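Written below as structure tokens is the structure these notes are about.
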There are 2 protein chains.
Amino acid sequence: MKRRNTATKEAVLSVLHSSGKAMSQGAIEKKIGVDINRATIYRVLNRYCEDGVLHRIVADNGKQYFALCVRCDENDKPQNHFHFRCSTCETIECLPIPVNFSLPQNYKLETVNCVLTGTCKDCV
Amino acid sequence: MKRRNTATKEAVLSVLHSSGKAMSQGAIEKKIGVDINRATIYRVLNRYCEDGVLHRIVADNGKQYFALCVRCDENDKPQNHFHFRCSTCETIECLPIPVNFSLPQNYKLETVNCVLTGTCKDCV
DNA sequence: TAATTATTGCGATTATGTTGCAATAGTACA
DNA sequence: TGTACTATTGCAACATAATCGCAATAATTA
């Protein structure tokens with residue numbers, strides 16, 4: 001399944017890049033300017049996650065958010081940091097705080113999803 | 001809004017107590033034996049959360065799970081521990097691992113929602 | 001026992017996210 | 001440049017989780 005370059009995909013990445021935060025499909029659709037189908041945006045986002053370009057956060061409101069994969073640290077997996085959801089401005093940002101824990105014996109880890117919710121510095 | 005004791009509420013608590021894990025509305029409905037309306041179960045669960053009897057975890061599948069509030073430590077708030085979702089047996093359990101972090105200045109914390117996903121010790 | 005009102009069941013609704021299918025449009029190659 | 005291949009898109013339908021309004025029921029108190 002070779003990827004193709006399309007205006008839609010560029011636009012989605014561009015919106016995420018300029019926001020600097022994690023965004024939901026809905027937020028992306030509002031900011032993107034051009035009219036792009038909901039299902040298409042989801043498919044683009046899912047493909048980017050598969051390719052390691054984005055990571056997915058599921059917030060405590062049950063919604064998926066997507067953010068550019070920027071590693072806190074070369075050795076960390078990109079998702080292993082805390083996320084902060086501001087319930088006032090409804091944004092999610094990646095915090096530069098690594099998630100530390102050690103699982104009990106015989107547990108196998110696949111994904112880490114840590115979301116702190118509250119009010120961000122801009123909304124206090 | 002004074003609470004009343006009903007068979008439904010007792011049944012929900014009892015199921016959660018005997019399972020020892022966090023459960024979704026659907027899982028509770030299956031286990032509960034008697035026929036209770038979906039909306040009712042949700043309302044019972046939400047009320048218990050308000051009253052501090054249960055805590056709510058939103059897993060990375062976007063679903064809500066509910067668990068009895070048992071403190072890891074008297075000084076910790078009950079929700080500040082990691083949760084583990086086994087994607088094989090589809091259960092969520094509270095891990096005795098506290099979540100540690102320090103927020104940047106001017107952030108106000110309301111809730112903590114940390115879910116690790118993978119395979120639990122019983123499914124490896 | 002009667003009055004008050006919390007709780008419940010039912011149906012409808014909202015919202016998020018996915019999928020099937022046909023149409024469109026990148027990409028590679030002659 | 002033109003053509004074939006197939007990734008991508010739009011649309012509609014679908015699936016599921018969760019909530020809400022309203023009328024009926026039932027727990028509590030006096």
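Quick caveat: nothing in here was measured; it's all calculated off a predicted structure. Residue numbers begin at 1 in each chain, while the letters A, B, ... track the order of the sequences.
Salt-bridge formation is not detected for the pair E93(A)/R85(A): no Lys NZ or Arg NE/NH1/NH2 atom is positioned less than 4.0 Å from an Asp or Glu carboxylate oxygen.
No donor-acceptor contact under 3.5 angstrom links the side chains of R56(B) and N113(B), judged on distance only.
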Heavy-atom protein contacts under 4.0 Å, nucleotides 12-25 of chain D, coded B base, S sugar-phosphate only, - none: -----SBBBB----
Protein-proximity profile, nucleotides 24-30 of chain C, B/S/- by nucleotide at the 4.0 Å heavy-atom cutoff, equals -BBS---
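Contact detail for T8(A) and V44(A): the closest heavy-atom pair is CG2-CG2, 4.0 Å.
Proximity of C114(B) to H83(B): side-chain heavy atoms (C-beta onward) are nowhere separated by under 4.5 Å.
Under the rule for a ring-ring contact (aromatic ring centres under 6.0 Å, His included), Y42(A) has no partner lying at least two apart in sequence or in another chain. Residues passing the salt bridge (Lys or Arg N to Asp or Glu O under 4.0 Å) test with D51(A), sequence neighbours excluded: R3(A).
For Y48(B) and F66(B), the ring centers are positioned 6.0 Å apart or more.
Relative to the axis of its first five pairs, the axis of the last five pairs of the helix from dT1(C)-dA30(D) to dA30(C)-dT1(D) sits at 30°, rounded to 10 degrees.
The CD1 atom of I41(A) sits 14.5 Å away from atom NZ of K9(A), with the distance rounded to the nearest 0.5 Å.
When atom types are taken as modelled, the side chain of S14(B) and the backbone of E10(B) share no donor-acceptor pair closer than 3.5 angstrom.
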Determine all donor-acceptor pairs shorter than 3.5 Å in which one atom belongs to a side chain in residues 116-123 of chain B; sequence neighbours excluded.
| residue | atom | partner | partner atom | Å |
| --- | --- | --- | --- | --- |
| T117(B) | OG1 | D60(B) | OD1 | 3.1 |
| T117(B) | OG1 | D60(B) | OD2 | 2.8 |

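For the pair R47(A) CZ and dG17(C) C1', the computed distance is 15 Å after rounding to whole Å. In this structure, the CD atom of E29(B) is 14 Å from the C1' atom of dT8(C), given to the nearest Å. Rounded to whole Å, atom C1' of dA26(D) lies 15 Å from atom CD1 of I36(B). One can place CD of E50(A) at 14 Å from C1' of dT18(C), the figure rounded to the nearest angstrom.
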